[in-house]
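All remarks here apply to the structure that follows.
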2 protein chains.
Amino acid sequence: MKPKSASIKDVAAAAGVSRATAARVLGGYGYASGQVHEAVLGAARELDYAPSRMAKAMRTGQSQLIGFVSADITDGLFSEALGGICRIAEPLGYQVVVFNSADRLDGEREGIRNLLSHGVEGLIVSPVVVSQREHLQAAARAVPLVCLDRAPEGLPSVVSDNAGAARRAVQSLVEHGHHQIGLVSSVQAEEPIVIDSSDQILRVLGPDRPSVLRARGFVDGMHDAGLPIGPGQLCFTPHLAEDAQLRVTQWLEAKDGLTAVLAADSYQARYVYRALRLLRRRVPEDLSLIVFSDAEWTEFVVPPLDTISLDGAEMGARAAGALFELIRGSAQATSEVISAIHRPGQSVVTLSAEATAT
Amino acid sequence: MKPKSASIKDVAAAAGVSRATAARVLGGYGYASGQVHEAVLGAARELDYAPSRMAKAMRTGQSQLIGFVSADITDGLFSEALGGICRIAEPLGYQVVVFNSADRLDGEREGIRNLLSHGVEGLIVSPVVVSQREHLQAAARAVPLVCLDRAPEGLPSVVSDNAGAARRAVQSLVEHGHHQIGLVSSVQAEEPIVIDSSDQILRVLGPDRPSVLRARGFVDGMHDAGLPIGPGQLCFTPHLAEDAQLRVTQWLEAKDGLTAVLAADSYQARYVYRALRLLRRRVPEDLSLIVFSDAEWTEFVVPPLDTISLDGAEMGARAAGALFELIRGSAQATSEVISAIHRPGQSVVTLSAEATAT
DNA sequence: TTGAAAGCGCTAACAC
DNA sequence: GTGTTAGCGCTTTCAA
């Protein structure tokens, strides 16, 4: 039923040579006479020989495996990233081992430990939080490690320019005549956005994770334009909260002077959309809506929505590229952000409607 | 820089015992005195010992790895499936190695070969085509294998009830007063849908792949309702064809008697949507539109669209469940379809509008 | 040009 | 209870 696949020993025996000779021929190194060469290759074909990478890895330390620890592989951004990683890894003969940390820090720790025990040669991680990074640094001491989408300090990371994109989105809205602009975002329980309005000027504090950076970029954009901005223009709901829809709806109802809204992710955009339907308002006639979203979603979403398109495939590919450079040793691990990504041709927000409010 | 992680030998040395004893303690089998037990555990903690699964796999043949060969990991259905697979595999201590076949049959072959060489204990494959299955059968001889979303004959598979869902969708439309219903679908180059209209009755021929099954269910549903149906009601475009949008638009323009359309996937739904915008018609006021789509897309898509929601997570979880039963040996490989999946509460299509046409 | 042998880290049968 | 030992499949040094 389960015919144990042929090993190099079987091939050697069939070809009537020693294991070492067979290995040399099959491995393509060392010397072998034409005679022997053919015999070995013939035997290998005959027996349908496939080398065991485990054994090879055991001996050489090269497992040809890299690990991807993702907060949610189901999320469009990360599944695109996985696609990008595979696109780079597979032609190099590498396979990707996936671990879904399900947004739990201990899941992330466990995943990293598991993948390392499988002998992965490198690790791409989209960290659950950016402020706890001991386990990441420990892992980075064992194998090359690149962070994706989120950049804990001191670790090589590939992230998109969240703050810059939000800032430009606001700028774009302003150029189209909007003055009353709102932001809708989720906040993570572990690393919340902190708004400091004690001073004259509104400040966004908190760790450098995407939601915070987007909020910061938003506020900066408003400041750039010299527009007044108060805490009331910002709608924050806890990540995956039950009552998120309700809160967004109530907020939107209360702020009926708004002519434009920036949604920090596609969940928020959906809340806004539904709220507008309830309130009998429409996009873009009554409100311009810009949303951060992955390329896949952007591709399919029904217009008119303006999107800041996050190219997960490109992010994944670049992370993998950086990782393989580190594995090869052709680059040093740098603690800087490796690149900021926007989807070509869509990095600058396009708007489908002018502001209609006064 | 890269401190080679401690092996069981190091632990044994540090604890002053033999490798076997250390192994017994760490492996939790055999006997060891309390003294020794503690010493070994202490040493292991001290050295931050992590067992090498490669070595273990080498010895025992249990790599704790399963493989997932997907036609497009970026696709919502398959990324959901991967999530479902991980959800089952991870608590069991298994990791998932991914290979993206990019819809190429030789990619699929290569992926299977690669994953097997890594010693995966089982394989989940979403086959590119259902009619070429020698390589799948060969793989299934080496390790347990379960197919996902597509069911080549004779291999255990987890698929959704594509034909049944399409049939019920038509039935539902008919109950809402629609008579003129169209189908929009892509066709694969390798395994095309074949329409036989030579007889009085329209027949859908071709291999049992999702697109064909959906078309067949559609036609069956029309027959059930006693509605006339001709080839003109079916709009087929080659998969990923450049001019797909144009063809759908032209078809829709020509068939302006239609009051409802079934879209075989989310790409087609998008084409229909765009075509309607061009033609200044709207969903659902002018046309009811039902689309087959993954749950993620369904979740986000802006209403009003009626969806036949394919629950990729459930499919993945069931495939993984079946696979682990086979790995454990607690089940025999059956050649029947293991299950037909619909998303709870959404398996029956709901319509947002009655037919408005005569 | 080829073969013998060691060893990667682990498990398990067997001896003490 | 604990130690010795062989071996999973491969690479690689060294000797022939």
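Order of the sequence lines sets the chain letters (A, B, ...), proteins ahead of strands, with each chain counted from 1.
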Options D/dT2, D/dT4, C/dA4, nucleotide nearest the side-chain atoms of B/Ser33: D/dT2

Quick one: does [X]'s side chain get under 4.5 Å of [Y]'s, heavy atoms only?
{"X": "A/Val69", "Y": "A/Ile124", "value": "no"}
{"X": "B/Leu148", "Y": "B/Phe78", "value": "yes"}
{"X": "B/Pro127", "Y": "B/Arg133", "value": "no"}

For [X] and [N], what is the distance between atoms [atom1] and [atom2] respectively, to the nearest whole Å?
{"X": "B/His118", "N": "D/dC10", "atom1": "NE2", "atom2": "P", "answer": "14 Å"}
{"X": "A/Asp10", "N": "D/dC10", "atom1": "CG", "atom2": "C1'", "answer": "13 Å"}
{"X": "B/Arg53", "N": "C/dC10", "atom1": "CZ", "atom2": "P", "answer": "12 Å"}

Short side-chain to backbone donor-acceptor contact, [X] and [Y], under 3.5 Å:
{"X": "B/Arg209", "Y": "B/Val128", "value": "yes"}
{"X": "B/Glu121", "Y": "B/Gln64", "value": "yes"}
{"X": "B/Glu80", "Y": "B/Asp294", "value": "no"}
{"X": "A/Ser117", "Y": "B/Ser52", "value": "no"}

Can you pull every protein N or O that's under 3.5 Å from an N or O on nucleotides 7-9 of chain C?
unit_1, atom_1, unit_2, atom_2, d
C/dG7, N2, A/Arg59, NE, 3.4
C/dG7, N2, A/Arg59, NH1, 3.2
C/dG9, N2, B/Ala55, O, 3.2

B/Thr21 vs D/dT2: side-chain N/O to OP1/OP2 distance below 4.0 Å: no

Greater than 12 external heavy atoms within 6.0 Å of A/Glu134's CD: yes

What nitrogen or oxygen pairs link the protein and nucleotides 14-16 of chain C at under 3.5 Å?
none

A/Ala20 vs B/Ala22, nearer the 5' end of DNA chain D by closest nucleotide: B/Ala22

